[in-house]
Amino acid sequence: MKTLHKPVPPGGTIGIIGGGQLGRMLALAAARLGLKTYIYNDAPDAPAFQVTGQSIAAPYDDLEKLAAFADACDAVTFEFENLPAHAIAHLAEHVPVRPGAQALAITQDRLSEKTFVEKLGLKTAPFFDVTSAGQACEAFGKLGGRGILKTRRFGYDGKGQAKVSSADEAAKAFESFKGAPAILEGFVDFAYEASVVAARGADGGFAAYDPPENDHENHILRRSTVPSRLSAPQVEEAKMIARQIGDALDYVGVFAVELFVAADGALLVNEIAPRVHNTGHWTIEACACSQFEQHIRAVAGWPLGDPVRHADAVMENIIGAEVEAWQSLARTGALHLYGKAESRLGRKMGHITRLKPLTKP
Ligand SMILES: Nc1ncnc2c1ncn2[C@@H]1O[C@H](COP(=O)(O)OP(=O)(O)O)[C@@H](O)[C@H]1O
Ligand SMILES: [Mg+2]
């Protein structure tokens, strides 16, 4: 495995696996720091290809193409967490990969992720391993209430999830996943959702952004708002949760911890995203150093930037056909469009951030 002993200097090349909007915003941030990007995506026409000097469209398990890509980069990172483990190991033989294989392996599987979080002494929803319809029934019995069955891997925006309120529904939901291993989680009657976007540097340095409050619609993030309703001690607790997770994963780069805030104020960890996160997009306008610049800094071995927030902010996603209103949207805030040719139902086409003067420093 290759490690990086010196920072990647300006003019160096950061490889990014995945060419969606996150890769695109990472590439834009890298360009501002004088770094080049090389983007690897499994399909052509990727949003990030429009803003990078070098790109390649090839399957994520094409080891030869991955090796050639890695050899052309000074460090490699990801905009998504689902690269096969053997492909990551292969990349790591050629180039420093940040975050590393172990952090990705733990967080790309909901069972290993929740087990890891629990071992750290942090709170989560109750969860059970489910590998058969019979086990789904049994797990539902242990839960003693409503639950959500989730595939262990490859879920996003609520895909691979089903709410269940009986043992029979749990078994049927498992069958609808066509044999994919799953977990059954207890349904958390949360007051609201929040998240911490944080970064860990190669030297173990840590920086966390103020946690936004997040609203979802149809399982897709609608809006992130800072400041959230969290009290000052809860904000500190949320940041400490992220720090504990980042340290335990020996993480390098930006990651997000999604939280459920219970009615009694308890913070439960929902999931860890080992990458820049949709609930951190407001940092582009509202913070001294955005989550995208922060990630590039960490991956390149630079000092972390200042996560201080200079404004209150509301970030709203622009989903599907909502993008047709781009002209009126452009009048009301900082508009980001991702350069996607076609709008489809539920597809994230852009986002808009609206700032207000800082109320809670
Ligand atoms: N155990 C749970 N109890 C209540 N709501 C949940 C639970 N798990 C997920 N949700 C809801 O579904 C959303 C998406 O679930 P999540 O596990 O974060 O998957 P994804 O990978 O799709 O983001 C959450 O943000 C939350 O609104
Ligand atoms: Mg989530």
Side-chain angles (χ1 to χ4, degrees), residues 18 20-22 78-82 104 106-118 122-130 136 139-140 142-165 169-170 173 176-177 180-198 211-225 228-229 238 241-242 245 254-264 266-281 291 315-317 319 345-348:
Q21 63 267 19
L22 301 179
F78 309 86
E79 67 141 25
F80 73 111
E81 54 269 46
N82 289 325
L104 288 164
I106 291 173
T107 53
Q108 68 187 193
D109 177 331
R110 293 189 194 276
L111 181 64
S112 62
E113 177 177 83
K114 285 225 155 55
T115 307
F116 162 79
V117 167
E118 205 171 46
L122 302 171
K123 296 186 201 81
T124 65
F127 63 96
F128 300 94
D129 183 14
V130 173
F140 188 87
K142 287 190 211 150
L143 215 54
R146 285 183 301 159
I148 302 190
L149 193 76
K150 301 181 178 178
T151 56
R152 278 171 58 177
R153 299 192 53 169
F154 306 123
Y156 70 98
D157 289 349
K159 292 186 174 64
Q161 294 196 14
K163 281 192 191 144
V164 295
S165 45
E169 272 178 34
S176 76
F177 293 163
I183 61 169
L184 182 66
E185 265 181 44
F187 191 85
V188 179
D189 214 359
F190 53 75
Y192 58 94
E193 292 183 84
S195 57
V196 197
V197 176
E213 182 167 333
N214 305 316
D215 302 310
H216 293 85
E217 274 169 25
N218 305 319
H219 304 283
I220 300 173
L221 181 70
R222 172 83 271 169
R223 152 183 340 99
S224 288
T225 306
S228 66
R229 277 179 275 170
I241 289 172
I245 289 173
V254 165
F255 61 103
V257 182
E258 297 177 10
L259 300 167
F260 296 142
V261 186
D264 67 0
L267 303 182
L268 277 72
V269 174
N270 171 32
E271 64 173 345
I272 305 165
R275 51 174 169 77
V276 287
H277 198 250
N278 197 169
T279 67
H281 289 1
Q291 65 163 347
M315 186 286 317
E316 296 215 40
N317 274 332
I319 299 164
L345 194 72
R347 193 175 200 204
K348 291 173 184 165

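All heavy atoms count here, side chains included; hydrogens, waters and symmetry mates do not. Counting starts at 1 for both ligands and their atoms, in listed order.
Between F260 and ligand 1, no pair of N/O atoms sits closer than 3.5 Å. Considering backbone and side-chain N/O of V188, one or more are found under 3.5 Å from N/O of ligand 1. Remark: ligand 1 and K159 share no N or O pair separated by less than 3.5 Å (distance only, no angle test).
Atoms of ligand 1 lying under 4.0 Å from any heavy atom of D157, numbered from 1 in the order shown and given with element: 20 (P), 22 (O). Each of the atoms 21 (O) of ligand 1 lies under 4.0 Å from some heavy atom of G155. Taking a cut-off of under 4.0 Å to the non-hydrogen atoms of H216, the atoms of ligand 1 that pass are 25 (O).
Of all protein heavy atoms, the one closest to atom 23 (O) of ligand 1 is E271 OE2, 2.8 Å. Annotation: atom 9 (C) of ligand 1 to nearest protein heavy atom, K150 NZ, 3.3 Å. The single protein non-hydrogen atom nearest to atom 19 (O) of ligand 1 is Q161 NE2, 2.8 Å, given as residue, atom name and distance. Of all protein heavy atoms, the one lying nearest to atom 24 (C) of ligand 1 is E193 OE1, 3.3 Å. With hydrogens left out, the protein atom closest to atom 22 (O) of ligand 1 is G158 N, 2.6 Å, a heavy atom. Regarding atom 5 (N) of ligand 1, its nearest protein heavy-atom neighbour is F190 CE2, 3.5 Å.
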- prompt: Can you check salt bridge (charged side-chain N to carboxylate O under 4.0 Å, His left out) on R223 and D215, steps first, answer last?
  reply: CA-CA 5 Å; R223 152 183 340 99; D215 302 310; 3.1 Å; yes

Candidate pair L268 and T124, rule side-chain contact (heavy atoms from CB on, under 4.5 Å), full reasoning: CA-CA 5 Å; L268 277 72; T124 65; 5.8 Å; no

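Assignment of G186 to the shell around ligand 1 is supported, since a heavy atom sits closer than 4.0 Å.
Around the NZ atom of K163, the shell of radius 6.0 Å holds no more than 12 heavy atoms that belong to other residues, nucleotides or ligands. Heavy-atom neighbours of F154 CZ from other residues, nucleotides or ligands within 6.0 Å: above the threshold of 12.
At the Mg ion (ligand 2), the vertex angle linking OE2 of E271 with OE1 of E258 is 100° (nearest 10 degrees).
For atom 26 (C) of ligand 1, a protein heavy-atom neighbour is found at a distance under 4.0 Å.
Using a 4.0 Å cut-off between a side-chain N of Lys or Arg and a carboxylate O of Asp or Glu, D109 and R153 do not qualify as a salt bridge.
By heavy-atom distance, the residue among H277, H219, E258 lying nearest atom 12 (O) of ligand 1 is H219. Here the shortest heavy-atom distance to atom 7 (C) of ligand 1, taken over I148, D189, N218, belongs to I148.
Side-chain atoms of E193 and H216 include a donor-acceptor pair closer than 3.5 Å. A donor-acceptor contact closer than 3.5 angstrom links the side chains of H281 and Q291.
Annotation: cation-pi geometry satisfied between R229 and Y192 (NZ/CZ under 6.0 angstrom from ring centroid, within 45° of ring axis).
Here the shortest heavy-atom pairing between A125 and E185 reads CB-OE1, 4.1 Å. Residues S224 and P212 approach most closely at CB-CB, 4.0 Å, considering heavy atoms.
Residue Y156 touches ligand 1 through its backbone alone, judged by heavy-atom distances below 4.0 Å.
Within the 4.5 Å cutoff, the side chain of N317 has heavy atoms near those of the M315 side chain.
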